[in-house]
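To keep things clear, I will list the structure first and then write my remarks on it.
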Amino acid sequence: MKNIPMLDLKLEYDFMKKDIDSAIKKCLEHQKWILGPEVRELESNISEYLKVKHCIGVSSGTEALVLSLRALAIKLKGQEYFDRTDEIITTPFTFTATGDAILRSGATPLFIDIDPMTYNLDPNKIRSYLTDSSTHQLNSSSKVVGILPVHLYGQSCHMDEIMHIAKEHNLFVVEDVAQGFGGMWKGKKLGSIGNTGTLSFFPSKNLGGFGDGGMVSTNDDEIAELVRMLLRHGGKDKYNVDHIGYNARLDTLQGAIILAKFKYIDEFNEKRREIAKIYSGELSGIDDITLPVNKPSAHPPNDSTTEPPHHSTTPLPDGHVFHQYTTSVSNEKRDELQKYMKEKGISTMVYYPFPLHKMNVFGDGRSESYGSLENAEQATLSVLSLPIEPLQSMEETSYVIECIKSFFKT
Ligand SMILES: *Cc1c(COP(=O)(O)O)cnc(C)c1O
């Protein structure tokens with residue numbers, strides 16, 4: 001029987017074995033395990049790649065979010081943490097860490113529904129929350145301070161709209177780029193648009209290490225300096241500290257491995273896009289399965305002056321890096337299809353089975369929600385991600401397609 005995993009990290013290692021082995025060997029020889037030269041080199045290479053002033057290696061994508069938010073609280077409020085009355089707008093359809101980082105920064109996550117076509121935060125709903133005066137009366141002591149958009153599955157949020165709204169309402173923007181490394185919004189790399197961007201080097205991400213790792217990107221000198229302090233206990237001098245800090249450094253060894261793999265990122269993202277193109281071409285005739293769209297928003301706002309009218313019909317230049325190729329299948333059939341694929345030896349995944357606002361951790365008044373979050377709830381019931389290993393063969397991709405077709409009997 002065939003066995004097609006979502007991702008085949010062993011295959012990728014074999015492909016890059018020489019580079020990775022020699023990078024590790026170099027570390028064994030120099031023995032500079034804490035903030036060694038590879039961490040600096042990676043920071044400088046990724047700064048150049050994203051075209052941002054600063055990149056700061058940290059211990060995970062989650063810590064990159066927490067440190068970004070903590071640094072913003074210190075800079076904007078002059079206090080260690082946000083207040084509970086400070087709300088940060090984010091999506092309920094993301095990995096837990098996005099919302100959890102908001103809680104850990106002292107603020108309250110404010111969940112706003114997604115666009116059902118892109119699965120990303122819907123800027124129109126953010127706008128209507130902010131202008132809805134009745135909402136303000138209900139939560140009169142609360143105040144939105146920032147937006148935390150997630151570029152889910154490797155597809156950019158509508159960043160023109162989000163930055164425009166942020167400017168209008170004096171909000172900060174932290175981009176969660178954990179799934180979007182190398183992705184673009186209108187010629188700009190994701191992570192270079194908001195006040196900070198946060199990257200994850202979790203092994204299964206587009207640029208993954210051999211363990212945990214992450215990075216904060218920013219053009220703001222003060223934020224960069226604060227993040228550098230927070231990741232090493234909270235001070236420039238770790239024996240005499242200023243802030244409530246963490247031990248959240250990026251490991252030298254991870255830095256070296258990620259640096260070796262970084263050489264291949266554009267090639268690998270291109271391979272992901274090629275596989276996605278084949279899936280989309282071959283599966284487009286099946287009515288019961290909805291394929292990913294490569295455009296920022298299905299419903300462009302009428303009142304926007306910044307937007308040319310192109311995006312209702314024509315996809316933008318291809319900035320999607322397909323961390324996942326995520327389809328949507330009508331409710332009862334989703335689980336049936338997943339079971340069928342498993343019998344055929346094909347792994348598929350549901351990212352994510354629970355929306356954040358339904359989790360206990362965000363209960364007990366720890367979060368707020370705006371209106372109905374039905375698109376997010378519906379997505380948890382219908383999404384199904386297909387294998388998208390950059391090195392998977394044409395034969396394997398065809399087999400996945402063949403099995404989906406045979407399930408739907410087309
Ligand atoms: C993976 C991920 C994170 C967390 O990254 P870690 O490196 O695992 O801590 C945060 N947000 C999103 C959207 C992710 O996919």
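Remember, it's 1-based here, ligands and their atoms both numbered in the order they're listed. Everything numeric here is computed off the predicted structure, so don't read it as measured data.
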Going through the checks in order, is the ring pair (Phe, Tyr, Trp, His ring centres under 6.0 Å) test met by Phe181 and Tyr49?
-> CA-CA 10 Å; Phe181 191 89; Tyr49 181 77; 5.5 Å; yes
Looking at Phe15 versus Phe268, is the centre-to-centre ring distance below 6.0 Å?
-> yes
Nearest heavy-atom pair of Phe93 and Tyr351: which atoms, and what distance?
-> CZ-O, 3.5 Å
Give every residue pair that meets the side chain to side chain donor-acceptor pair (under 3.5 Å) criterion with at least one member in residues 250-260, sequence neighbours excluded.
-> none
Heteroatom distance test (Asp212, ligand 1): nitrogen or oxygen, under 3.5 angstrom = no
Purely on distance, is any nitrogen or oxygen of Asp176 under 3.5 Å from one on ligand 1?
-> yes
Nearest-contact summary for atom 8 (O) of ligand 1 - protein heavy atom, Å | Phe202 CD1, 3.7 Å
Note: ligand 1 atoms sitting under 4.0 Å from heavy atoms of Thr94 are 13 (C)
Taking atom 15 (O) of ligand 1 as the reference point, the nearest protein heavy atom with its distance = Gln179 NE2, 2.9 Å
Between the side chains of Thr196 and Thr218, does any donor sit under 3.5 Å from an acceptor?
-> no
Heavy atoms, side chains only, cut-off 4.5 Å: are Phe172 and Ile88 in contact?
-> yes
Nitrogen or oxygen atoms of Phe201 and ligand 1 under 3.5 Å apart = no
Rounded to the nearest 0.5 Å, how far apart are CD1 of Ile4 and SG of Cys403?
-> 7.5 Å
Under 4.0 Å from a heavy atom of Val150: give me the atoms of ligand 1 that qualify, with their elements.
-> 13 (C)
What about Phe201 and Phe262, are their ring centers closer than 6.0 Å?
-> no
Under 4.0 Å between heavy atoms, the region of Lys205 that gets near ligand 1 turns out to be side chain
Which is closest to atom 4 (C) of ligand 1 by heavy-atom distance: Val177, Thr62, Leu152, Asp100?
-> Thr62
Any idea which of Ser200, Gly208, Ser59 brings a heavy atom closest to atom 7 (O) of ligand 1?
-> Ser200
Atoms of ligand 1 close to Ala178 [distance to a heavy atom under 4.0 angstrom, numbered from 1] | 2 (C), 3 (C), 10 (C), 11 (N), 12 (C), 14 (C), 15 (O)
For Gly61, counting its heavy atoms only, list the atoms of ligand 1 lying under 4.0 Å from any of them.
-> 5 (O), 6 (P), 7 (O), 9 (O)
